[in-house]
2 protein chains.
Amino acid sequence: MYSIKVASRKTGIEPVTIRAWERRYGVIEPKRTDAGFRLYTDEDVADLKWLKHQVEEEGLSISQAAKQLKQRKQEQFPAFKQNNGIRTVNNNDSIPPLSELAEKLHDAIDSFDVERADQLLETGFSMYPFDELFHHVLTPLMHRIGDEWEEGTISVAQEHFASHLFRQRLYQFFKVFSMNPNLPNALALCPPGENHEIGLLLFSLFLKRKGVGVIYLGANTPTHGLEKIIVENDIRIVFFSMTRSENAEALRELILLLKEQFPGLKIVLGGQGVPSDDEVLQHFYLKDQPADWETWFGQLSVLKN
Amino acid sequence: MYSIKVASRKTGIEPVTIRAWERRYGVIEPKRTDAGFRLYTDEDVADLKWLKHQVEEEGLSISQAAKQLKQRKQEQFPAFKQNNGIRTVNNNDSIPPLSELAEKLHDAIDSFDVERADQLLETGFSMYPFDELFHHVLTPLMHRIGDEWEEGTISVAQEHFASHLFRQRLYQFFKVFSMNPNLPNALALCPPGENHEIGLLLFSLFLKRKGVGVIYLGANTPTHGLEKIIVENDIRIVFFSMTRSENAEALRELILLLKEQFPGLKIVLGGQGVPSDDEVLQHFYLKDQPADWETWFGQLSVLKN
DNA sequence: AAATAGTTGTACAAACCTTATACAAAGATT
DNA sequence: AATCTTTGTATAAGGTTTGTACAACTATTT
C-alpha cells in the first residue's frame with residue numbers, strides 16, 4: 001500500500017492531479033487510513049499508469065479514458081452473477097446418458113472449452129460410479145483422441161488439453177483412497193519421450209484403490225536417479241507406460257538394469273506401444289483391461305514384511 | 001543480545017527513533033533486563049533493517065511498513081485460529097506458521113509423501129489467503145527446488161513430483177474465477193524441452209482472476225499446430241514460460257513466426273531462462289513480479305470486438 | 001561520586017495529507 | 001468572436017505523521 005506521494009512518484013502524475021481525477025471522475029478510489037489518508041495498491045498504480053498512457057500517448061481526454069477504465073472495471077466484476085446461492089436450473093441441457101457423454105466431451109475438447117468439459121465431467125461423476133466413467137467414457141475417449149492425433153485430425157495441443165483435464169479429475173481421486181501400510185509401494189512413470197499418461201493414471205488409481213501407496217511421477221520422467229528413489233522409498237513395484245514403440249530399446253535396457261539391481265522388484269509395463277515381438281518387454285507386459293489388472297493384483301505376493 | 005545503542009549502530013537508526021517506532025506502532029518489542037533495559041536479538045536487528053529499507057528505498061511510510069511487518073509476524077504465529085467464534089486450541093500438532101510451511105512441504109516432497117504434502121497444502125489454503133501462499137510459499141519453494149535440482153542435491157523426479165502437486169492445487173482455482181466474454185482469450189504453454197510450469201500456472205491464474213479466458217496447455221507442448229488453435233479460438237494473448245536458456249533460439253524463431261502471421265497477437269514471455277542479451281526475446285519479456293503483471297494488464301488494450 | 005547510558009513522557013517543527021475554492025489555458029460549442 | 005466546458009495546477013486552512021529534542025528519573029560502570 002502506497003501513500004499518494006509514492007503513487008505519484010511511481011506513476012509520474014502529480015498528487016494534485018490524482019486527487020482531481022478521483023474527485024471529478026470517480027476513477028481509482030483507494031482505501032483510506034483511519035485518518036483519511038489515501039492508500040494505493042499495485043493495481044491502482046497500474047490503473048493510473050494506464051490512464052496516463054491513454055492521455056499522453058493515445059490522445060484521449062482524461063474524461064474519456066476514465067470512462068473507459070470504469071467500464072472495464074465493471075465488466076471485470078459483473079455485479080452479481082446469478083449463481084449466488086441460487087441454483088441455476090439448466091433445463092434445456094439435460095443430463096446426458098453415458099453414451100452421449102463421450103461425444104459431448106469430445107466436442108468440448110475439440111473447441112477447448114474448459115468450462116463445458118468440466119461441467120460435463122462434474123455431472124458425469126455425480127451420476128455414475130467413477131470406474132464406470134473411467135472405463136466406458138474416459139478410456140475410450142482418450143484412445144479415440146490418440147487415434148485422431150495419429151491421423152492428424154486433431155492437434156497435439158488438443159491431446160495435451162484432454163490429458164490435462166482428465167489427469168486433473170483422476171488425481172482428485174488419489175486423495176480419497178487411504179494407504180494400507182502392509183502393502184508395497186509402487187512407482188508410476190512414463191519414460192522420457194512419453195507424454196501420454198492417461199493409462200498410467202488409470203493404473204495408478206487402480207493400485208491406490210487397492211491400498212497401494214503410489215508415487216506418481218507422470219509423463220516424460222528422466223530415469224536418471226531412479227535407483228535412489230527406489231531404495232529410499234522402499235519401492236516394490238515399478239509401473240511404466242509406453243505408447244510409442246520408438247522407446248522400446250531404451251526401456252528394455254532400463255528394465256534389465258533395474259532387474260539386475262533389484263531382483264525382488266516387480267516391474268509392470270502397459271500401453272499400446274509395446275512391440276509384440278520383443279520377448280523381454282512382453283514378459284512384463286500387462287494388458288489394459290481392468291479384469292487383467294485384478295488377476296495380476298491377486299497373484300501379487302510381494303506383501304510388505 | 002544487544003543494547004539499544006548497539007542495535008542503533010548496527011541498523012543506522014537513532015535510538016530515539018527506534019523507541020518511537022516501538023511506542024507508536026508496537027513493532028519490535030524486545031526483551032528487557034530486570035531493570036527494564038531493552039535487549040535486541042539478531043532477528044530484531046534484521047527486522048529494523050527491513051523497516052529502514054522499506055522506508056528509505058521502497059518509499060513506504062513507517063506506519064505502513066510497520067503494519068506489514070506486524071502482519072507477517074502474526075502469520076508466523078497464528079497460535080489460535082478462531083473459526084466459528086470458538087477458539088480451537090491445537091496443542092499437539094499446531095498449525096504450521098507460514099515460514100515453516102515451506103520447510104515442511106520441502107520435507108514432504110523430499111520423501112515423496114503425497115498425503116502429508118497434500119494435507120499441508122490443505123491446511124495452508126484454509127488458513128491464509130491463496131495469493132499469499134503462492135507468493136510466499138509455493139514460488140520460493142519452487143525456486144529452491146529448481147536450484148537444488150541444478151546443484152544435483154535433489155532428483156529430477158522430485159522436481160517433477162513437486163510441480164505435479166502444485167499444478168494440481170493451482171488448477172483447482174482456475175474453476176473458481178468466471179470468464180468475462182469481453183476480454184480476450186489467452187493461450188499458456190511451455191515450449192518443448194520446458195518442464196517447469198509453475199510460473200506459467202501462476203500467470204495463468206492471474207489472468208483468469210482478471211476474467212481472461214485461458215487455454216492452458218502446460219509443459220512441454222509441441223508448437224506444431226499452434227496457428228490453428230490461435231485462429232479457431234480467437235486467441236489474442238500467447239504466454240510462454242522459459243526456464244532454460246537452451247531453448248532461446250527455437251523460441252525466438254517461433255515468436256517471430258507468430259508475430260508475422262498474427263500481427264495483432266500479444267506475446268508475453270516469462271521465466272528465468274530468458275537471456276538478457278537477446279533483444280528479440282527481451283522485447284516480450286515480463287518480469288515475475290505481480291506489480292509488473294498489473295502494469296502490463298493495465299496497458300493491455302486488445303479488448304474484444 | 002562522576003560519567004555514561006538507559007527509561008518514559010511530553011513537546012515541537014517539518015513534512016505530508018485532507019478538502020474546498022479558485023484560476024488560467026486549451027478546446028468545444030454556440 | 002463570444003461563451004461554456006474541461007483540465008491541470010495553485011492556494012488556503014486545518015489535521016496527521018514522524019523524527020528529534022528535552023526533562024526528569026534510574027541503572028551501570030569506572
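Given the structure is predicted, the values throughout are model-derived calculations rather than measurements. In what follows, chains are A, B, ... by sequence order, proteins preceding strands, each numbered from 1.
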- Message: If you define the side chain from C-beta out and look only at heavy atoms, does anything of Lys10(A) sit under 4.5 Å from Tyr2(A)?
- Response: yes
- Message: Under a 3.5 Å cutoff, is there a donor and acceptor pairing between the side chains of Glu43(A) and Thr41(A)?
- Response: no
- Does the ring center of Trp296(B) lie less than 6.0 Å from the ring center of Phe203(B)? yes
- If you check every side-chain atom of Trp21(B), which of dG19(D), dT7(C), dT7(D) has the closest atom? dG19(D)
- Message: Counting only heavy atoms from other residues, nucleotides and ligands, does the tally under 6.0 Å from CD of Glu58(A) exceed 12?
- Response: yes
- Message: Under 4.0 Å from OP1 or OP2 of dT7(C): is there any side-chain N or O of Arg19(B) that close?
- Response: yes
- Could you tell me whether the side chain of Phe240(B) reaches within less than 4.5 Å of the side chain of Leu269(B), counting heavy atoms only? yes
- Message: Counting only side-chain nitrogens and oxygens, does Tyr25(B) get under 4.0 Å of the OP1 or OP2 atom of dT18(D)?
- Response: yes
- Query: dT18(D) C1' sits how many Å from Lys52(B) NZ, rounded?
  - Reply: 15 Å
- Closest listed nucleotide, where the reference is the side chain of Ile4(B) and the choices are dC17(C), dT7(C), dA27(D): dT7(C)
- Item | Flag for Thr295(B)-Asp292(B): side-chain donor and acceptor within less than 3.5 Å | no
- Query: Please give, in whole Å, the distance from dG6(C) P to Tyr2(B) OH?
  - Reply: 16 Å
- Query: When you check the side-chain N and O atoms of Gln289(B) and Asp42(A), is any donor under 3.5 Å from an acceptor?
  - Reply: no
- Query: Can you check whether Thr17(B) has a side-chain N or O nearer than 4.0 Å to OP1 or OP2 of dT20(D)?
  - Reply: yes
- Query: OP1 or OP2 of dT16(D) less than 4.0 angstrom from a side-chain nitrogen or oxygen of Thr33(A), does that happen here?
  - Reply: no
Under 3.5 Å, which protein N or O atoms sit close to an N or O of nucleotides 21-24 of chain C? Give each pair with its distance.
none

- May I have the distance from Ile18(A) (atom CD1) to dT19(C) (atom P), rounded to whole angstrom? 13 Å
- Query: Considering only dT7(C), dC16(C), dT19(C), which nucleotide approaches the side chain of Arg38(A) most closely?
  - Reply: dT19(C)
- Query: Toward the 5' end of DNA chain C, which comes first, Val6(B) or Leu39(A), by nearest nucleotide?
  - Reply: Val6(B)
- Task: Establish, with yes or no, whether the OP1 or OP2 oxygen of dT18(D) is under 4.0 angstrom from a side-chain nitrogen or oxygen of Ser63(B).
- Result: yes
- How many Å lie between NZ on Lys5(B) and P on dT28(D), as a whole number? 17 Å
- Send over the distance from Phe37(A) CZ to dT16(D) C1', rounded to a whole Å. 4 Å
- Message: Is Ser3(A) close enough to dC16(C) that one of its side-chain N or O atoms is under 4.0 Å from OP1 or OP2 there?
- Response: no
- Which whole-number value in Å describes the distance from Arg32(B) CZ to dT26(D) P? 16 Å
- Message: I need the CD-P distance between Glu56(A) and dG8(D), as an integer number of Å.
- Response: 10 Å
- Query: When the distance from CG of Leu60(B) to P of dC17(C) is rounded to whole Å, what number comes out?
  - Reply: 13 Å
- Item | Greater than 12 external heavy atoms within 6.0 Å of Lys67(B)'s NZ | no
- Item | Toward the 5' end of DNA chain D, by each residue's nearest nucleotide, Val16(A) or Gln64(A) | Gln64(A)
- Looking across every strand, which nucleic acid part, if any, lies under 4.0 Å from Ala20(A) by heavy atom: base, sugar-phosphate, or nothing? base
